[in-house]
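One structure is given here, and the rest of the page talks about it.
Numbering of ligands and ligand atoms starts at 1, following listing order. Computed from a predicted model, the values in this text were never measured in an experiment.
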Amino acid sequence: MKPSVLVARAVFPEVVERLRQHFEVEDNPADEVFDKPELIRRLQGKAGAFTTGSVVIDAEVLDANPQLKVVANMAVGYNNFDVPACTARGVLCTNTPDVLTETTADFGFALMMAAARRISESEHYLRRGEWHKWFYDQFTGSDIHGATLGVLGMGRIGQAIARRGALGFGMRVIYHNRSCLAPDIESQCRATYVDKERLLRESDHLVIVMPYSPAAHHAIGAPELALMKPTATLTNIARGGIVDDAALARALADKRIAAAGLDVYEGEPAVHPDLLKVPNVVLTPHIASATVATRRAMADLAADNLIAALGFGPNAGKPPTPLNPEVLRP
Ligand code: DGY
């Protein structure tokens, strides 16, 4: 008998079909967002789950489903998984690194440029029919080329953004991270390590790409925003909760900083109402990895992980991107 798996959110039908070659699949083509009791119910009898970042796998879900062996996230971020709780129960967790790095870096750069050059704000003005003449300081923003790019969180995506800034736009790149990069990677990215305070004080354009953890909650709040230049922009493509959205909305309204670009929010899909009121912020609905090719690559990698973790396919027993590989050891 084939093992059963849950595909907890809607995904490419071709990927579901591939899973059906190995598993009894309960999928979710209507893309319902299950609350916890419903998720627990749907997971009954399932050996694996294909998840996205909105599907929370915690101790309660695991304890109600002791048969679960693997949770495969279609995302590089995995703060929806309690990895230690999974490891303690022998449940493998996987994510989708690498396949989205360049796409996500493109988007981070685009959002930063849109904020700096006031693209959303000026488009809304034009659409409202308010554009009656050209004038010398109309929607003047700040330059990207030659400016100082600050990267908070220098993993794969942070490095890809740094390369774009340094090599494509002649930016000076500074970064802050849990640890310094190896000198060869620093030199490929032409990036210099600085402490967090210096990063905040010196960046013309700050891009946040660090992973979320409880320790990173509100890593950027009112005290940090107060250190930034009044001409600076802030872009968050990492996770909601890293930035204190209420404090950011206040800083934008008071022109403490010039502009922001946000793709992620505390409590998304809800967006802090004060952010919706300020014009100098570009707001997008968590789409940094959303190109057709990249979303498909992410779905394929999550499926590869699920198939291999449950002992099928060419990589049987060796899922490509495990988060807690210790679970796989005999
Ligand atoms: C990721 O891969 O972590 C993106 O944010 C999509 O969830």
Side-chain angles (χ1 to χ4, degrees), residues 6-12 15 28 31-34 39 49-58 70-83 86 92-112 151-161 177-178 207-217 219-220 234-243 245 260-271 282-306 319-324:
L6 176 70
V7 178
R9 296 289 308 271
V11 73
F12 300 93
V15 174
N28 180 6
D31 203 27
E32 264 180 81
V33 179
F34 304 139
L39 177 66
F50 182 110
T51 60
T52 65
S54 66
V55 181
V56 175
I57 303 290
D58 60 11
V70 51
V71 285
N73 223 22
M74 181 185 150
V76 66
Y78 52 89
N79 55 307
N80 55 312
F81 288 169
D82 182 339
V83 179
C86 287
L92 182 75
C93 303
T94 67
N95 69 338
T96 57
D98 301 320
V99 291
L100 48 56
T101 300
E102 300 299 330
T103 296
T104 305
D106 284 351
F107 189 86
F109 221 85
L111 201 52
M112 174 185 82
V151 183
L152 182 58
M154 199 62 155
R156 286 168 281 234
I157 298 170
Q159 291 168 33
I161 289 172
N177 199 39
R178 268 174 305 193
V207 181
I208 300 167
V209 215
M210 67 196 281
Y212 182 83
S213 67
H217 190 73
I220 302 292
L234 174 152
T235 297
N236 184 11
I237 57 165
R239 277 291 180 270
I242 294 175
V243 175
D245 286 348
L262 301 178
D263 188 47
V264 288
Y265 308 87
E266 290 188 86
E268 66 184 56
V271 176
V282 184
L283 303 169
T284 54
H286 202 146
I287 56 168
S289 63
T291 65
V292 178
T294 292
R295 284 284 167 87
R296 180 60 198 266
M298 292 163 69
D300 279 332
L301 180 52
D304 291 344
N305 276 311
L306 196 53
T321 52
L323 289 164
N324 51 352

Does R296 make a cation-pi contact with F12 (under 6.0 Å, within 45 degrees of the axis)? yes

Can you find a side-chain donor-acceptor pair between R9 and T51 that sits under 3.5 Å? no

Could you tell me which residues satisfy side chain to side chain contact (heavy atoms under 4.5 Å, CB included) with T103, sequence neighbours excluded, listed by chain and number? T291, T294

Atom OH of residue position Y265 - does it have more than 12 heavy atoms of other residues, nucleotides or ligands inside 6.0 Å? yes

Every residue of the protein that comes under 4.0 Å of ligand 1, judged on heavy atoms: A75, V76, G77, L100, R239, H286, M298

Name all residues meeting the ring-ring contact (aromatic ring centres under 6.0 Å, His included) criterion together with F107; count only those two or more places apart in sequence or in a different chain, and write none if there are none. none

Mind checking what makes salt bridge (charged side-chain N to carboxylate O under 4.0 Å, His left out) contact with D82, not counting sequence neighbours? none

